[in-house]
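Remember, it's a predicted structure, so these values are computed and weren't measured experimentally.
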Amino acid sequence: MEHDDTREGLRCLVTGATGYIGGRLVPELLSAGHRVRCLARSPDRLRDHPWADRAEVVAGDVTDAASVARALAGVDVAYYLVHAMSSGKDFEDTDRRAALIFAEQARVAGVRRIVHLSGLTPAGVPEHELSPHLRSRAEVARILLDSGVPTTVLRAAVVIGSGSASFEMLRYLTERLPVMVTPSWVHTRIQPVAVRDVLRALVGSARMPSDVNRAFDIGGPEVLTYRQMMLRYAAVAGLPRRIILPVPVLTPGLSSHWVGLVTPVPASIARPLTESLRHEVVCHEDDIARHLAGPPARPTGFDDAVRLALQRVREARVTTRWSSASVPGAPSDPLPTDPDWAGGSLYSDHRELRVDASPEALWRVIEGIGGENGWYSFPLAWAVRGRLDRLMGGVGLRRGRRDAARLRVGDSLDFWRVEAIGPGRLLRLRAEMRLPGLAWLEMGVVTDEEGRTRYRQRALFHPHGLLGQVYWWSVSPFHAIVFGGMARNIARAAADSAARDPQHAPVR
């Protein structure tokens, strides 16, 4: 790509396109007439997005200077939407290193503007008193502003939109607890912002004048306490009025575990969110409107933002979720496919059954697995495993699904992530629960020589060390119940579906 100012729009690089905001920003930029390139560690995770054939996707990582340089070549505007989100004790170092690399490579590449979405920090609070999450956000913003490339930093507090971590936290706390004992931060004043307003500001920032190099606060039209947000959410959702009893003894750490217990948001994600609520996060200026092209847009009110988000949830039109991004610390190794793979032990459990249904009926059951539909075997065992995972700091079973019927590569699915899909024939999931090793689950549809439908299932485990070996052999006695039951029940569900719909009857 080369620099020019044709009617085709600007050349934009989006980092974090597999995440919640990035996955929504790409189609907005395309609709605005821009050309988009995405930088992703796993390009396959963007393959099934509706806009995938209209954007260029390149493999790379923001901590690798060479891949960042390749991605920035010929780019006009670079969107920096990545952060480590407390992915370990060194997350601040990782954020710092990545920002420095990106800033330097953007300057060398002659990028015209960097646009960064950051967190709204409280005024008058020394940086060392901020939560590690907010402190790191502030440092990254400072590095980009000092890069020598004109930079726009948009600072937002709580983002309200279908699938956002902040919205899911608010939603589940309010819906599941008609009476709740809450941390004292429910009285903290917050200025929430609708995700549509965040996206509008991100897209509009691409054409800011070259002399603009600063941070902007962005927020909705109302300042509310978290308690008021819960009560307003209940009213919009048609729930009875909630009784909220704040207590001072719940620390941010305890708060994050409380949130993790009640909502699908795991403690590792909830902690930076709750820590950010210790201080007032309110906009102190509203200059952004003067620097965006076009007539000023009216900010979306809190009730309208909640109403729009709930409508998308109920209509199963959630395009991205907080879980779209990789879970901190989760394994990302692909399934070893080399027959002569020399990576150590690779244990497997194979199941295959004939199914009295068409391949289409069987695939419909496979693709609909998880979430509300469950896992077709020994529900108590799955529930216990999910609860244990939560207690160990994992994601547990409650992430559910982005879409009730369709999956795409990169989707989270309870404590799995979709690693590969061959529509109509193969679904491969990679485990993101806490394990002493790596695990995958494959479910497939095949047709035998006589034209009959068969279901194939394969669970694989690559143990790490002695603990991994012990784990595999300790759970092996239960495989016949868990995996055997799963195979039988999936086959039975497909047969029942075919019996109700003659179109999907088996070949005789």
Side-chain angles (χ1 to χ4, degrees), residues 48 50 162-163 175 264 310-319 321 323 349-386 397-429 440-459 478-508:
D48 298 328
S162 60
E175 290 186 354
L310 283 175
Q311 181 179 345
R312 283 189 169 268
V313 169
R314 290 164 180 167
E315 295 175 355
R317 292 190 299 119
V318 180
T319 54
R321 296 181 71 219
S323 55
D349 179 278
H350 294 256
R351 310 278 165 173
E352 184 168 334
L353 293 173
R354 178 184 167 183
V355 182
D356 290 326
S358 68
E360 293 77 15
L362 176 56
W363 176 252
R364 195 163 58 231
V365 174
I366 291 172
E367 194 176 12
I369 200 166
E372 295 296 323
N373 292 329
W375 292 89
Y376 292 94
S377 76
F378 204 0
L380 178 60
W382 285 90
V384 170
R385 185 64 184 87
L397 277 176
R398 289 183 295 179
R399 289 191 300 183
R401 300 171 53 105
R402 177 191 56 83
D403 185 287
R406 297 287 179 264
L407 293 174
R408 65 189 184 201
V409 172
D411 271 359
S412 62
L413 182 58
D414 293 328
F415 51 36
W416 305 88
R417 189 171 296 277
V418 179
E419 183 173 275
I421 297 180
R425 59 182 182 83
L426 174 70
L427 172 63
R428 181 187 301 144
L429 307 176
W440 297 265
L441 178 62
E442 285 186 341
M443 291 164 277
V445 181
V446 295
T447 304
D448 64 20
E449 295 177 353
E450 299 178 10
R452 295 175 300 189
T453 305
R454 299 191 71 84
Y455 171 67
R456 284 182 180 170
Q457 178 180 292
R458 187 168 67 140
F478 302 100
H479 285 177
I481 299 174
V482 176
F483 293 129
M486 175 186 289
R488 291 190 298 272
N489 290 332
I490 286 176
R492 186 179 299 118
D496 291 345
S497 174
R500 293 190 299 269
D501 184 357
Q503 180 182 351
H504 294 293
V507 174
R508 300 293 184 184

Legend entry - Ala404 versus Asn373, closest heavy-atom pair with distance: O-ND2, 4.4 Å
Inset, instruction - State the CZ-CD distance between Arg351 and Glu442, to the nearest 0.5 angstrom. - result: 15.0 Å
Legend entry - Gap separating the CD1 atom of Ile366 from the CZ atom of Arg425, nearest 0.5 angstrom: 12.0 Å
Inset, instruction - Could you tell me which non-hydrogen atom of Asp48 sits nearest to which non-hydrogen atom of Val409, and how far apart they are? - result: OD2-N, 2.9 Å
Inset, instruction - Using a 4.5 Å cut-off on heavy atoms from C-beta on, say whether the side chain of Leu427 contacts that of Trp363. - result: yes
Legend entry - Gap between atom CG of Leu310 and atom CZ of Arg312 - 0.5 Å precision: 12.5 Å
Inset, instruction - Give, for atom CG of Leu426 and atom CE of Met443, the distance between the pair rounded to the nearest 0.5 Å. - result: 9.0 Å
Legend entry - From CG (Leu441) to CG (Leu413), nearest 0.5 Å: 9.5 Å
Inset, instruction - Of all the heavy-atom pairs spanning Ser162 and Val313, show the shortest one and how long it is. - result: CB-CG2, 4.1 Å
Legend entry - Heavy-atom pair with the smallest gap, counting every atom of Trp440 and Arg428: CD1-CD, 4.3 Å
Legend entry - Counterpart residues, side-chain contact (heavy atoms from CB on, under 4.5 Å), relative to Arg406 (two or more places apart): Glu367, Asp403
Legend entry - Heavy-atom pair of closest approach, residues Leu353 and Ala491: CD1-CB, 4.3 Å
Legend entry - Heavy atoms of other groups near Arg454 CZ, more than 12 under 6.0 Å: yes
Legend entry - Backbone N/O of His350 and side chain of Arg458: donor-acceptor pair under 3.5 Å: no
Legend entry - Which atom of Thr453 lies closest to which atom of Ala357, heavy atoms considered: OG1-O, 2.7 Å
Inset, instruction - Output yes when a side-chain donor or acceptor of Arg488 lies under 3.5 Å from a complementary backbone atom of Ser377, and no otherwise. - result: no
Inset, instruction - Give, for atom CZ of Arg402 and atom CG of Leu407, the distance between the pair rounded to the nearest 0.5 Å. - result: 7.5 Å
Legend entry - Close side-chain approach of Val365 to Tyr376, heavy-atom, < 4.5 Å: yes
